[in-house]
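First up is the structure itself, then whatever we jot down about it.
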Amino acid sequence: MARGRFITLEGGEGVGKSTQLAALGEALRARGIDVVTTREPGGSDGAEAIRRLLLEGGEERWSAPAEALLFAAARTDHVDKLVRPAVLAGKWVISDRFIDSSLAYQGGAGGLGIEAVRAINAFGIDGWFPDRTLLLLHPQGAERARARDGAEADRIGGRPASYHDNVEAAFRAIAAAEPDRVRPVDASGSPEDVTALLLAALEDLL
Ligand code: TYD
């Protein structure tokens, strides 16, 4: 059985990842690929339980290192229970967020440093880095998310604009450092145009 592929969608708040996850899944299925879509934090029973711990409650619920370790623990369960078995069974797994969200949010914006956060995650995911990461960039993303979520924003989405600016800067730095894996995609066009750009950024894997 040929190994499948592991693709991740990344980006800040409000860049349209959920819409694109569904659209990209459909586009790949139309090409005869067996696709599983998933999301983080979450994607397995254990990781969904940890998701609630991370996103509910006040800012001071977790220290920065505890928050990073919880994300890494959720990710480890997600890889063990869903990502690795599906890819080894020949499927394409597409995840809405993965390790680069931790590098950008907890590492870059949260002040722990990208390398420290990469190290705790590398221990957990045991080599299961994505084959390709599509980084959605939208100039008004954070603004759109604030308008959409308002007072409903979760523990992390509700952090100040400066935090989200640092997330965006960290994502761009990661893409510049790992150009083979991470491909920036302009997400400001129509949903159809963005899906076409995402597919083009996967063309060499198809
Ligand atoms: P979610 O509701 O899935 O948000 P979005 O629609 O923006 O993807 O909430 C996930 C939140 O958790 C989001 O603010 C990003 C944050 N997050 C991290 O800080 N680190 C991580 O490793 C992951 C996966 C998410």
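What you see is a predicted model; the values in this text were computed from it and never measured.
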Heavy-atom side-chain contact between F129 and I99 under 4.5 Å: yes
Any F6 side-chain heavy atom under 4.5 Å of S95 side chain: yes
Pairing of E48 and R39 as salt bridge, 4.0 angstrom limit: yes
Path from L9 to L135 over hydrophobic side-chain contacts below 4.5 Å: no
Note, D77 side chain near I50 side chain (heavy atom, < 4.5 Å): no
Pairwise side-chain contact, E168 with L137, heavy-atom cut-off 4.5 Å (strictly under): yes
Close side-chain approach of L205 and I7, heavy atoms under 4.5 Å: yes
Nearest-0.5 Å distance, CG of residue D96 to CG of residue L21: 5.5 Å
Any L24 side-chain heavy atom under 4.5 Å of W92 side chain: no
T133 side, atom OG1; F171 side, atom CZ - distance, nearest 0.5 Å: 9.5 Å
Test: D45 and K81 ion pair at under 4.0 Å: no
Qualifying side chain to side chain donor-acceptor pair (under 3.5 Å) pairs with a residue from residues 50-62, counting only residues at least two apart or across chains: E59-R159
Nearest-0.5 Å distance that lies between atom OG1 in T19 and atom CG in L136: 10.0 Å
Nearest-0.5 Å distance, OG1 of residue T37 to CZ of residue R29: 5.5 Å
Spatial distance of atom CG (L197) from atom CG (D186) [nearest 0.5 Å]: 7.0 Å
ILVMFWY network linking L206 to L134, side-chain heavy atoms under 4.5 angstrom: yes
Side-chain heavy-atom pair V194, H138 within 4.5 angstrom cut-off: no
Salt bridge (Lys or Arg N to Asp or Glu O under 4.0 Å) contacts touching residues 137-146 (sequence neighbours left out): none
Selection residues 99-122 - residue pairs positive for side chain to side chain donor-acceptor pair (under 3.5 Å), sequence neighbours left out: E10-S101, E13-Y105, E67-Q106, R75-S102, R75-N121, R97-S101, R97-Y105, D100-R181, E115-R118, R118-E178
Heavy-atom side-chain contact between I94 and L28 under 4.5 Å: yes
Rounded distance [0.5 Å steps], CG in L198 versus CZ in R132: 12.0 Å
